[in-house]
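The analysis underlying the following values was restricted to heavy atoms, covering all of them including side chains, and did not include hydrogens, waters or symmetry mates. Just so you know, these numbers come straight off a predicted model, no measurement behind them.
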Amino acid sequence: MSELLKLNIQFFGREKNAKTEYYVGTIPENGSEEVEWLRLAKWISSVTDDTEEEVEDMAFYDGDGTPEDDVISVKKTYAFEGMYDDDIEAMKFIAGLEFETGEGRKIMFKQVRTNGDEFAGVATVKDPKVTGGEASEYAVFECSISWDRRPEKTTATP
């Protein structure tokens with residue numbers, strides 16, 4: 001790669017979405033156990049941020065009567081789409097949750113952003129799909145994963 005191109009990449013700081021990493025795993029039963037992370041990447045063609053925010057607006061006498069927004073809660077959710085492959089452990093793990101309910105849908109979820117920052121915590125898997133579609137197409141893979149609370153952030157060291 002040319003030095004000029006490297007400079008442009010560093011200057012603009014843009015990265016492809018594919019550089020963001022997503023991992024799933026079982027919640028450790030013992031707090032001292034390490035999570036065995038399974039990367040959710042191969043055959044995933046799209047990840048959409050479907051975050052929901054609860055917002056309340058109010059006007060106060062110390063202003064001009066214009067309502068101001070107050071974010072009450074943030075539910076960070078990512079929707080995954082792609083093609084199902086039973087040989088990919090992360091997909092097989094999600095597929096195993098298809099008929100689970102309640103605590104059975106709880107997992108560990110981690111995102112590693114392009115700058116190296118990590119966000120990890122307990123999450124819920126919703127709407128897992130691992131079959132269906134046109135006869136000529138590959139089996140579908142879809143699910144949404146929402147953190148149950150604010151994930152723990154580990155800031156990358158430069």
Side-chain angles (χ1 to χ4, degrees), residues 6-29 31 34-84 88 90-91 93-133 137 140-158:
K6 285 181 188 175
L7 276 173
N8 280 338
I9 290 171
Q10 289 174 339
F11 179 73
F12 293 114
R14 296 184 302 169
E15 296 282 348
K16 295 272 186 162
N17 286 325
K19 302 266 184 170
T20 300
E21 299 175 7
Y22 299 91
Y23 297 88
V24 294
T26 304
I27 299 172
E29 291 184 28
E34 286 290 318
V35 176
E36 183 181 334
W37 293 110
L38 306 170
R39 185 159 182 211
L40 195 52
K42 186 164 180 150
W43 302 124
I44 299 296
S45 56
S46 175
V47 179
T48 305
D49 185 335
D50 280 345
T51 298
E52 297 173 23
E53 293 186 344
E54 184 180 346
V55 179
E56 194 174 271
D57 63 344
M58 292 184 204
F60 300 100
Y61 279 93
D62 65 344
D64 65 0
T66 302
E68 53 185 74
D69 289 336
D70 188 16
V71 177
I72 304 300
S73 67
V74 176
K75 184 176 192 177
K76 199 70 170 165
T77 302
Y78 291 95
F80 295 85
E81 292 183 18
M83 298 177 289
Y84 182 71
I88 298 173
M91 288 185 177
F93 173 69
I94 297 294
L97 305 176
E98 185 176 18
F99 296 102
E100 296 295 328
T101 59
E103 292 297 312
R105 286 283 184 92
K106 304 292 183 186
I107 66 166
M108 291 299 294
F109 179 54
K110 177 169 72 170
Q111 178 193 62
V112 181
R113 296 193 175 167
T114 57
N115 67 355
D117 288 352
E118 293 184 11
F119 296 84
V122 175
T124 301
V125 175
K126 297 176 290 195
D127 302 317
K129 293 178 182 70
V130 295
T131 61
E137 295 176 349
V140 67
F141 176 83
E142 293 180 14
C143 72
S144 291
I145 302 175
S146 300
W147 276 298
D148 289 354
R149 60 192 57 86
R150 181 188 299 243
E152 185 176 313
K153 180 181 180 182
T154 305
T155 304
T157 53

Carefully, step by step, assess Ile94 and Val125 under the rule side chain to side chain contact (heavy atoms under 4.5 Å, CB included).
CA-CA 8 Å; Ile94 297 294; Val125 175; 3.9 Å; yes

Would you say the side chain of [Y] lies within less than 4.5 Å of the side chain of [X], judging by non-hydrogen atoms?
| X | Y | answer |
| --- | --- | --- |
| Val74 | Arg150 | no |
| Thr26 | Glu36 | no |
| Thr51 | Lys75 | no |
| Glu142 | Asp127 | no |
| Val47 | Asn17 | no |
| Val112 | Tyr23 | yes |
| Phe141 | Ile44 | yes |
| Val122 | Ile27 | yes |

Ignoring hydrogens, what is the shortest heavy-atom contact between [X] and [Y]? Give both atom names and the distance.
| X | Y | answer |
| --- | --- | --- |
| Ala59 | Gly65 | CB-O, 3.3 Å |
| Gly121 | Pro151 | N-CB, 4.5 Å |
| Pro67 | Asp57 | CB-OD2, 3.8 Å |
| Val35 | Gly25 | CG1-CA, 4.2 Å |
| Ala156 | Asp117 | N-OD1, 2.8 Å |
| Ala95 | Val130 | CB-CG1, 3.7 Å |

Using the side chain to side chain contact (heavy atoms under 4.5 Å, CB included) rule, take Asp49 and Lys76 through it: C-alpha gap first, then chi angles, then the decisive distance, then the call.
CA-CA 8 Å; Asp49 185 335; Lys76 199 70 170 165; 2.8 Å; yes

Which pairs, with at least one residue in residues 58-82 and sequence neighbours excluded, count as a ring-ring contact (aromatic ring centres under 6.0 Å, His included)?
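For residues 58-82: Tyr22-Tyr78, Tyr22-Phe80.
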
Could you note down all residue pairs passing ring-ring contact (aromatic ring centres under 6.0 Å, His included) where residues 105-133 supplies at least one of them, sequence neighbours left out?
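Those involving residues 105-133 are Phe109-Trp147.
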
Atom pair [atom1]/[atom2] of [X] and [Y] - distance to nearest 0.5 Å:
| X | Y | atom1 | atom2 | value |
| --- | --- | --- | --- | --- |
| Glu118 | Lys153 | CD | NZ | 11.5 Å |
| Glu152 | Lys110 | CD | NZ | 11.0 Å |
| Thr114 | Lys19 | OG1 | NZ | 9.5 Å |
| Glu15 | Arg113 | CD | CZ | 13.5 Å |
| Lys129 | Ser144 | NZ | OG | 7.5 Å |
| Cys143 | Met91 | SG | CE | 9.0 Å |

The test is side-chain hydrogen bond (donor to acceptor under 3.5 Å, both in side chains); show your working for Asp50 and Thr48 and say whether it passes.
CA-CA 6 Å; Asp50 280 345; Thr48 305; 5.3 Å; no

Distance-only, no hydrogens or angles: does the Arg39 side chain make a donor-acceptor pair with backbone N or O of Val24 under 3.5 Å?
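No; judged by distance alone, with no hydrogens or angles, the pair does not exist.
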
Should we count CH2 of Trp37 as having more than 12 external heavy atoms under 6.0 Å?
yes

Is atom NZ of Lys126 surrounded by more than 12 heavy atoms (other residues, nucleotides or ligands) closer than 6.0 Å?
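Check passes, neighbour count above 12.
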
Any chance you could lay out the side-chain hydrogen bond (donor to acceptor under 3.5 Å, both in side chains) test for Lys106 and Thr124, step after step, and finish with the verdict?
CA-CA 5 Å; Lys106 304 292 183 186; Thr124 301; 2.9 Å; yes

